Engineer: 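Please find one structure pasted underneath; my questions will follow.
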Number of protein chains: 2
Amino acid sequence: MKSQKTRFETIIQKLRDNGHKITPQRIAIVKIIAKSIGHPSVEDIYHQIKIDFPTMSLATVYRNIVLIKSLGEVLELGFPDGSNRYDGNKPYPHPHVICIKCKKIVDPDLDSLDNMTKEVEEETNFKILNHRLDFFGICSNCLAKKV
Amino acid sequence: MKSQKTRFETIIQKLRDNGHKITPQRIAIVKIIAKSIGHPSVEDIYHQIKIDFPTMSLATVYRNIVLIKSLGEVLELGFPDGSNRYDGNKPYPHPHVICIKCKKIVDPDLDSLDNMTKEVEEETNFKILNHRLDFFGICSNCLAKKV
DNA sequence: CTAAGTGCAAAGTCTTTGCAGCGCA
DNA sequence: TGCGCTGCAAAGACTTTGCACTTAG
């Protein structure tokens with residue numbers, strides 16, 4: 001059985017490799033980013049850390065996200081209302097399914113996407129580098145408890 | 001040959017139907033939104049109108065976009081960097097192909113999307129209402145003139 | 001005529017930045 | 001020990017809002 005590095009270890013290693021110091025604040029941020037449970041916002045990350053780390057500053061969260069983004073280890077999901085959510089667990093482009101009621105974000109498995117990229121390249125003559133695919137809807141949970 | 005309403009007429013009509021006044025400023029904004037050539041930003045719209053309409057205020061552009069959005073007659077495309085672009089020509093969800101060099105936005109024709117929505121619904125048990133699909137790349141033009 | 005719309009400027013968000021002090025390597 | 005990082009507060013970018021004036025219907 002091959003030992004597999006966790007996302008947390010991978011990101012910390014990459015920070016080290018690029019000459020960045022590993023501070024407690026940074027560790028706390030990477031820990032959350034690496035899991036990205038529910039795809040947290042900056043505020044989510046900030047508040048979560050603030051519990052154990054009362055001096056943590058919002059600026060530090062922002063700075064570290066910019067840094068980790070620049071290393072390609074976190075995916076930023078911006079929405080029209082200006083909110084941003086982060087995914088450091090799967091930092092490569094992949095589809096998201098977003099519940100418009102409870103804001104939960106889920107990752108579906110879709111395989112038809114590669115074909116689509118080719119289709120687009122052929123039709124538009126673009127060299128496609130990247131994509132973003134979101135589905136918006138209502139999750140089974142919120143559907144059930146519709147008041 | 002059936003007479004087809006232009007997007008401009010449709011939006012103006014919808015404004016009227018909902019009891020909104022048709023002001024010159026509003027006409028100017030709708031004119032640009034209806035065409036949405038290159039998918040303009042708020043600034044684009046503002047500056048374009050400012051030429052013939054020096055008193056036009058940014059606030060008015062924002063207010064009218066909010067209004068037209070609420071009528072479902074313009075699609076707002078928010079990007080991670082915080083910029084927003086608008087499409088009042090095709091105000092329903094559809095894929096976009098964006099050149100990361102010249103910021104041009106093109107609409108490709110893709111037919112495999114409906115299947116994908118069904119696939120997602122089956123897998124996640126969400127009721128999908130909406131989606132957003134963007135491809136990022138480099139257009140043939142920018143590819144050609146790569147320095 | 002009169003409620004809706006406009007322009008201006010002020011107030012909000014959210015995010016970034018400058019700077020002094022702190023702490024990891 | 002030294003440079004990078006943090007925390008704070010101030011500055012920025014973008015968007016919304018309050019208010020008095022204007023105007024479409």
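In what follows, every chain begins at residue 1, and chains take the letters A, B, ... in the order their sequences are listed. From a predicted model like this one, the values you see are computed outputs, not experimental measurements.
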Engineer: Looking only at side-chain atoms of A:Asn64, point me to the closest of D:dT23, D:dT6, C:dG7.
Structural biologist: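 Ranking D:dT23, D:dT6, C:dG7 by closest atom to the A:Asn64 side chain puts D:dT6 first.
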Engineer: Taking for each residue the nucleotide of DNA chain D bearing the nearest heavy atom, is the 5' side occupied by A:Gly19 or by B:Ser83?
Structural biologist: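 By nearest-heavy-atom nucleotide position, the 5'-most residue is A:Gly19.
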Engineer: Looking at A:Gln25, does any N or O in its side chain come under 4.0 Å of the phosphate oxygens OP1/OP2 on D:dG7?
Structural biologist: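 Yes, because at least one side-chain N or O of A:Gln25 sits under 4.0 Å from OP1 or OP2 of D:dG7.
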Engineer: So, does B:Ser57 get its side chain near the phosphate of C:dC8, meaning an N or O under 4.0 Å from OP1 or OP2?
Structural biologist: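 B:Ser57 to C:dC8 OP1/OP2: no side-chain N or O under 4.0 Å.
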Engineer: Measure OH/B:Tyr46 against P/D:dA13 and give the value in whole Å, please.
Structural biologist: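 Taking OH of B:Tyr46 and P of D:dA13, I get 16 Å after rounding.
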Engineer: For a quick test of reading the model, state the closest non-hydrogen atom pair linking A:Val42 to A:Tyr86 and the distance between them.
Structural biologist: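 Looking at all heavy atoms of both residues, the closest pair is CG2-CE1, 3.6 Å.
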Engineer: Please check if atom NZ in A:Lys31 has more than 12 non-hydrogen atoms from other residues, nucleotides or ligands closer than 6.0 Å.
Structural biologist: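 Incorrect, the count does not exceed 12.
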Engineer: Round to a whole Å and report the spacing from NZ of B:Lys69 to C1' of D:dT16.
Structural biologist: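 Atom-to-atom, B:Lys69 to D:dT16, this comes out as 12 Å.
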Engineer: Do any side-chain nitrogens or oxygens of B:Thr55 fall under 4.0 Å of OP1 or OP2 in C:dG7?
Structural biologist: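 True: B:Thr55 side-chain N/O within range (under 4.0 Å) of C:dG7 OP1/OP2.
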Engineer: State whether B:Glu76 and B:Arg85 are salt-bridged, where the test is any N-O pair (Lys NZ or Arg NE/NH1/NH2 against Asp/Glu carboxylate O) under 4.0 Å.
Structural biologist: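 Judged by the 4.0 Å cut-off on N to carboxylate O distance, B:Glu76 and B:Arg85 do not form a salt bridge.
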Engineer: In whole Å, what is the span from the CD1 atom of A:Ile45 to the P atom of C:dC14?
Structural biologist: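 Whole-Å distance recorded here is 15 Å.
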Engineer: Taking the six-membered ring of A:Phe53 as reference, does the cationic atom of A:Arg26 (NZ for Lys, CZ for Arg) lie under 6.0 Å from its centre and within 45° of its axis?
Structural biologist: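 No, a cation-pi geometry is absent between A:Arg26 and A:Phe53.
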Engineer: The side chain of A:Arg16 is closest to which nucleotide in this list: C:dG5, D:dG7, C:dA25?
Structural biologist: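 Among C:dG5, D:dG7, C:dA25, the one nearest the side chain of A:Arg16 is C:dA25.
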Engineer: Separation of B:Ile27 atom CD1 from D:dA24 atom P, in whole Å?
Structural biologist: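 Value for this atom pair: 9 Å.
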Engineer: Does C:dT6 have OP1 or OP2 sitting under 4.0 Å from an N or O in the side chain of B:Arg26?
Structural biologist: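 Yes, because at least one side-chain N or O of B:Arg26 sits under 4.0 Å from OP1 or OP2 of C:dT6.
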Engineer: Using whole Å, what does the distance between atom C1' of nucleotide C:dA3 and atom CD1 of B:Ile22 come to?
Structural biologist: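 Atom CD1 in B:Ile22 sits about 15 Å away from atom C1' in C:dA3.
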Engineer: Establish, with yes or no, whether the OP1 or OP2 oxygen of C:dA4 is under 4.0 angstrom from a side-chain nitrogen or oxygen of B:His20.
Structural biologist: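 For C:dA4, neither OP1 nor OP2 has a side-chain N or O of B:His20 closer than 4.0 Å.
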Engineer: Rounded to the nearest Å, what distance is computed from the CG atom of residue A:Leu58 to the P atom of nucleotide C:dT17?
Structural biologist: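 Result: 15 Å.
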Engineer: Send over the distance from A:Lys21 NZ to C:dC24 P, rounded to a whole Å.
Structural biologist: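 Answer to the nearest Å: 9 Å.
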Engineer: Nearest to the A:Arg63 side chain among D:dA24, D:dT6, C:dT6, which nucleotide is it?
Structural biologist: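 Minimum distance to the A:Arg63 side chain belongs to D:dT6.
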Engineer: Compare the minimum distances between each of C:dT17, C:dG7, D:dC5 and the side chain of A:Ala59, then state the nucleotide with the smallest one.
Structural biologist: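 The answer is C:dT17, which lies nearest to the side chain.
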Engineer: Without decimals, in angstroms, what is the distance between B:Glu76 CD and D:dC14 C1'?
Structural biologist: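 Nearest whole value for this atom pair: 12 Å.
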Engineer: By nearest nucleotide on DNA chain C, pick out whichever of B:Leu67 and A:Val42 is the more 5' one.
Structural biologist: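 It is B:Leu67, whose closest nucleotide lies nearer the 5' terminus.
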Engineer: Are any non-hydrogen side-chain atoms of B:Lys21 and B:Arg16 less than 4.5 angstrom apart?
Structural biologist: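 Result no, sub-4.5 Å side-chain heavy-atom pair not found.
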